[in-house]
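Single-structure report; data block below.
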Amino acid sequence: MKAVSYTFFVSAAEYPKLQAACPGDFPFDYAEFCAGVDRSIQEAAGTVAIEKVYVSVDKFLAWCAETNARPNNISRARYAAQTGYPWWERLD
């Protein structure tokens, strides 16, 4: 059984909000963003199952404000892990 990890992901409509919220972190267009995420998922496929967590940028920023976190790579990873599909719902 592979470990499950979650990756922060946004829709095309949310992507400009993400770029504005995290200046400098996403200098590429949405297609390149998607390709990078998909490439990371494929590269890790042998050892871990990575699931995309579709995020509302507004909710992420509200979470950042509540937790006093800067909207950076670490907080995006934490938010994706905390809002990912609950593992206990997978149990049969």
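Between Phe9 and Tyr30, the two ring planes are tilted [angle within 30° to 60°]. Note: Phe26 and Phe28 have perpendicular aromatic rings, judged against thresholds of 30 and 60 degrees for the angle between ring planes.
Looking only at side-chain heavy atoms (C-beta outward), Cys64 and Tyr79 stay at 4.5 Å or farther from each other. Using a 4.5 Å heavy-atom threshold, the side chains of Val10 and Val57 count as touching. Side-chain atoms of Leu18 and Arg76, non-hydrogen and from C-beta on, do get closer than 4.5 Å to each other.
From Glu66, atom CD reaches atom NZ of Lys59 across 11.5 Å, with rounding to the nearest 0.5 Å. Distance check: Arg70 CZ to Ser75 OG gives 8.5 Å after rounding to the nearest 0.5 Å. Asp38 contributes atom CG, which lies 4.0 Å from atom NZ of Lys52 (distance to the nearest 0.5 angstrom). Rounded to the nearest 0.5 angstrom, Tyr15 OH and Asp29 CG are separated by 7.0 Å. To the nearest 0.5 Å, atom CG of residue Asp58 and atom CH2 of residue Trp63 are 15.5 Å apart. Note that CZ of Phe60 and CD of Glu14 are 12.0 Å apart. Values are rounded to the nearest 0.5 Å.
For the residue pair Ala3 and Val48, the shortest heavy atom distance occurs at O-CG2, 3.0 Å. Looking at every heavy atom in both residues, Ser40 comes nearest to Ile50 through O-CD1, 4.2 Å. In terms of heavy-atom proximity, Pro71 sits nearest to Asp25 at O-OD2, 4.3 Å.
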